[in-house]
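Handing you a structure now.
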Amino acid sequence: MRQTENILERINKQGIVLGDGGYLIELERRGWVDSGSGREKVGAGKGSGQFTPEVAIENPEALRQLHKEFLNAGSEVLQALTFFGTREKLNRAGYGGQTEAINDAAVKIAREVAGDKALVAGSVSRTQLFEREGRSAANHVRDLITEQVRLLADAGVDFLILETFFHLEEMLIAIECSRESKLPILATMTFRPTLTQCSDGHTPADCARSMVDAGATIVGVNCEQEPDRILAITREMRKAVKVPIAAQPSAFRTTDAVPCFTKLPQFPDEMESIQLPRNAFQRFAERAHEEGINFLGGCCGCNAAYIHAYARGLAMTTKTAQRNVS
Ligand SMILES: [Zn+2]
């Protein structure tokens, strides 16, 4: 059975909606996803960088299991594992011919686990072409994302999560491509290598305003930073726009000098050594209301234990609010 409520109605009713965690890094840790280690770091420039979602067709049970864990931990939204699922990125990893099958299978698996308990979001990420080819890639990016959005809409997602875009220009293209689907759009930028500007030089506030103007229903930030550090970005966005704010931090500890985990030498083969404890996520959830955050999820490094911690944090603040009322 499909949920009839959409994500915006759910946020309006509850104040905060709990999302899920990061799939590719967790499935890599479990041995089901190729990190591309030994070839090239993700987004570094030339090759594939891998971290592609073919697990949806090659080992669907592994993906199904992770969805179940997030749902059991309290996730109210399951993201289909369609991150890096555009045809050109899949092509570089040797899976371009299975683009339709991977996107379709990922949505069906998420839907099957979600049942009537969670919404299903289609994930659309940066293509990596802006990093590789610059702005001249714009038309190619438009074609690739248009194709993926159509596949996700056909497979029946409830809304779209556009995430991990380093360039605002590419994000705005993705929002434009997504609008045709008429699905609600949750759009989150990723800040690397600094917290104050995205890769093409826009502040968090500017990004938030531009994403709303382009048609995003919910805007925010995901990946690269841990909760304490990502707050600097959500606060700027909160001040700049009125729409709901989303935060999906990663669960890796970064530094003042390098506030993004994919630029740390521990990425991708020593991440255990910078893994953040899950109570950092509980504390973040306890603050989410006062920080004006309306969609709380996790990105890389966040498995079901972290979603459990979020759920505990949210339950604590709800109890405090009830005590204050009574
Ligand atoms: Zn991430």
Side-chain angles (χ1 to χ4, degrees), residues 18-30 32-37 41-44 49-53 55 63 66-67 70 75 77-86 89 106 121-128 131 160-167 170-171 174 186-195 198-199 204 207 219-231 233-234 246-254 258-264 266-272 274-276 278 280-281 284 293 295-307 310:
L18 183 56
D20 59 5
Y23 286 85
L24 287 169
I25 296 259
E26 181 61 21
L27 288 167
E28 191 273 339
R29 179 154 44 189
R30 298 180 186 193
W32 301 110
V33 161
D34 187 342
S35 72
S37 181
K41 291 193 176 186
V42 173
Q50 205 81 18
F51 273 120
T52 38
V55 61
L63 177 56
L66 186 53
H67 280 309
F70 285 133
S75 295
V77 169
L78 294 181
Q79 298 183 76
L81 178 53
T82 51
F83 191 98
F84 279 157
T86 41
K89 168 72 179 174
S123 165
V124 177
S125 63
R126 73 180 186 283
T127 59
Q128 293 183 324
E131 289 76 32
L160 296 169
I161 295 183
L162 315 182
E163 59 181 351
T164 327
F165 284 78
F166 295 158
H167 291 78
E170 188 180 21
M171 169 60 95
L186 186 160
T188 57
M189 289 292 295
T190 296
F191 290 78
R192 192 184 85 156
T194 74
L195 304 180
C198 62
S199 291
C207 288
V219 299
V221 55
N222 77 291
C223 206
E224 291 291 357
Q225 289 88 31
E226 64 271 56
D228 284 352
R229 223 177 273 280
I230 221 165
L231 265 180
I233 300 169
T234 62
Q248 304 213 69
S250 77
F252 298 116
R253 193 180 292 105
T254 64
V258 185
C260 45
F261 81 86
T262 61
K263 291 277 190 196
L264 289 169
Q266 288 89 350
F267 177 77
D269 292 327
E270 297 174 38
M271 309 240 275
E272 291 79 1
I274 52 168
Q275 183 77 44
L276 202 71
R278 67 204 62 156
F281 274 57
F284 190 56
I293 293 166
F295 184 89
L296 201 55
C299 201
C300 302
C302 170
N303 63 24
Y306 292 75
I307 299 301
Y310 264 161

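Both counts, for ligands and for their atoms, begin at 1 and track the order of listing.
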**Study point:** Number of protein N/O/S atoms that sit closer than 2.8 Å to the Zn ion (ligand 1)
**Key:** 3
Practice item. Please check if atom CZ in Arg253 has more than 12 non-hydrogen atoms from other residues, nucleotides or ligands closer than 6.0 Å. Key: yes
Point to revise | Exercise: do Glu170 and Thr127 side chains pair donor with acceptor under 3.5 Å | key: yes
Revision key, fill the gap. Across all chains, not counting sequence neighbours, the side chain to side chain donor-acceptor pair (under 3.5 Å) partners of Glu28 are none
**Study point:** salt bridge (Lys or Arg N to Asp or Glu O under 4.0 Å) involving Arg229 - partner list, sequence neighbours excluded
**Key:** Glu226, Asp256
Check your understanding: Hey, which of Val219, Asn222, Ile161, Leu162 is the one that makes side chain to side chain contact (heavy atoms under 4.5 Å, CB included) with Leu186?
Key -> Ile161
Review point. Sequence neighbours excluded, which residues qualify as side chain to side chain donor-acceptor pair (under 3.5 Å) partners of Gln225?
Key: none
